[in-house]
Amino acid sequence: MLKLATDRLYMRPPLMDDAAAIAAALSNFEVSKNLAFVPHPYDISDAVAWLERQPALAHPFDQKFAIFTHEDQFCGMTGFTNKNDLPSLGYYLHPDAWGKGYMTEANWALIKWLFDGPGAPKIISGVFDYNQASMRVQKKLGFQTVSQSVMHSLAQSKDFAHIDTELTQSAFENAAPTLSELRKDT
Ligand SMILES: CC(C)(COP(=O)(O)OP(=O)(O)OC[C@H]1O[C@@H](n2cnc3c(N)ncnc32)[C@H](O)[C@@H]1OP(=O)(O)O)[C@@H](O)C(=O)NCCC(=O)NCCS
């Protein structure tokens with residue numbers, strides 16, 4: 001099975017066994033409100049339905065990874081969705097895993113895997129304009145703001161201003177810290 005590892009985390013494609021942990025994270029409105037396509041309320045049947053749609057082996061531009069500590073604690077999810085033949089990055093962590101630098105660390109490994117292996121002309125992403133923590137994660141990895149748009153939040157049933165971002169391999173290599181620099185003493 002495809003597996004990525006960092007100092008503190010490992011990632012592998014999501015499995016049906018992850019349904020309860022995914023539901024525990026995405027049922028929290030503080031998580032789902034920042035994600036365009038996650039409804040609220042959200043329960044385990046939503047997680048099972050999502051997992052059933054995940055192929056065993058996805059195209060790299062559609063590859064998702066569940067994130068765990070090396071002690072097998074589920075932290076969240078990151079990965080790509082193919083949008084017009086480009087990988088679009090999306091991610092979330094359970095609130096218990098926030099504030100430790102985990103998302104920057106996990107995304108660093110994911111992006112390095114894509115650029116060094118399968119390759120991509122660029123990665124696209126974005127944040128609702130109020131989401132400073134996610135914007136900070138992207139800036140640390142080298143993402144640049146390219147445009148502004150409006151995006152619907154399913155959980156909030158409302159449209160919000162959205163900052164559209166993108167990352168090229170050279171911007172990633174210039175801006176992204178090495179893994180040891182990403183380590184935070186917690
Ligand atoms: C966004 C999210 C993934 C961040 O995860 P995380 O592991 O806490 O992120 P990191 O610790 O790697 O980095 C967060 C950075 O944002 C900063 N930050 C956190 N809250 C902030 C705020 N309210 N305003 C400004 N900066 C903030 C942190 O200080 C940190 O920067 P630093 O390393 O320079 O100190 C997490 O909060 C989450 O899952 N939120 C809900 C879902 C979500 O928003 N997904 C992204 C959708 S675009």
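None of the values given here were measured: they were computed from a predicted structure. Counting starts at 1 for both ligands and their atoms, in listed order.
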| Near R136, which atoms of ligand 1 are under 4.0 Å from a heavy atom of that residue? | 15 (C), 16 (O), 17 (C), 30 (C), 31 (O), 32 (P), 34 (O)
| Which one of M135, E30, M103, K140 has a non-hydrogen atom at the shortest distance from atom 13 (O) of ligand 1? | K140
| Winner among E105, K33, Q132 once heavy atoms are compared against atom 22 (C) of ligand 1 | Q132
| query | F128 vs Y130 aromatic rings, parallel, tilted or perpendicular, using cut-offs 30° and 60°? | reply | parallel
| request: Check each heavy atom of F128 against ligand 1 and say whether those closer than 4.0 Å belong to the side chain, the backbone, both or neither. | output: neither
| query | Among all residues two or more places apart in sequence or in another chain, which pass the salt bridge (Lys or Arg N to Asp or Glu O under 4.0 Å) test with K122? | reply | E166
| message | Is it the case that ligand 1 has an N or O less than 3.5 angstrom from some N or O of L93? | response | yes
| message | As an exercise, identify every atom of ligand 1 less than 4.0 angstrom from a heavy atom of G99. | response | 6 (P), 8 (O)
| request: Go through ligand 1 atom by atom and flag the ones less than 4.0 Å from a non-hydrogen atom of Y92. | output: 39 (O), 42 (C)
| note | Restricting to heavy atoms, the pick from G101, C75, S125, S134 nearest atom 10 (P) of ligand 1 would be G101
Distance-only donor-acceptor hits, side chain of residues 10-18, under 3.5 Å, sequence neighbours excluded:
unit_1, atom_1, unit_2, atom_2, d
Y10, OH, D72, OD1, 2.6
R12, NH1, D18, OD2, 2.8
R12, NH2, D18, OD1, 2.8
R12, NH2, D18, OD2, 3.4
D18, OD2, L15, N, 2.8

| Close side-chain approach of Y92 and M77, heavy atoms under 4.5 Å | yes
| said: If you define the side chain from C-beta out and look only at heavy atoms, does anything of D164 sit under 4.5 Å from I124? | reply: no
| request: Specify the closest pair of heavy atoms between F115 and L167, including all atoms of both residues, with the distance to one decimal. | output: CZ-O, 3.6 Å
| request: Go through ligand 1 atom by atom and flag the ones less than 4.0 Å from a non-hydrogen atom of T104. | output: 10 (P), 12 (O), 13 (O)
| note | When every non-hydrogen atom of A23 is compared with those of D43, the smallest separation belongs to CB-C, 3.9 Å
| request: Evaluate the side-chain proximity of P87 to L114: yes if any heavy-atom separation is below 4.5 Å, no if none is. | output: yes
| task | Mark up the atoms of ligand 1 that fall under 4.0 Å of a heavy atom belonging to V127, in ascending order. | result | 48 (S)
| task | Give the numbers and elements of all ligand 1 atoms closer than 4.0 Å to a heavy atom of G126. | result | 48 (S)
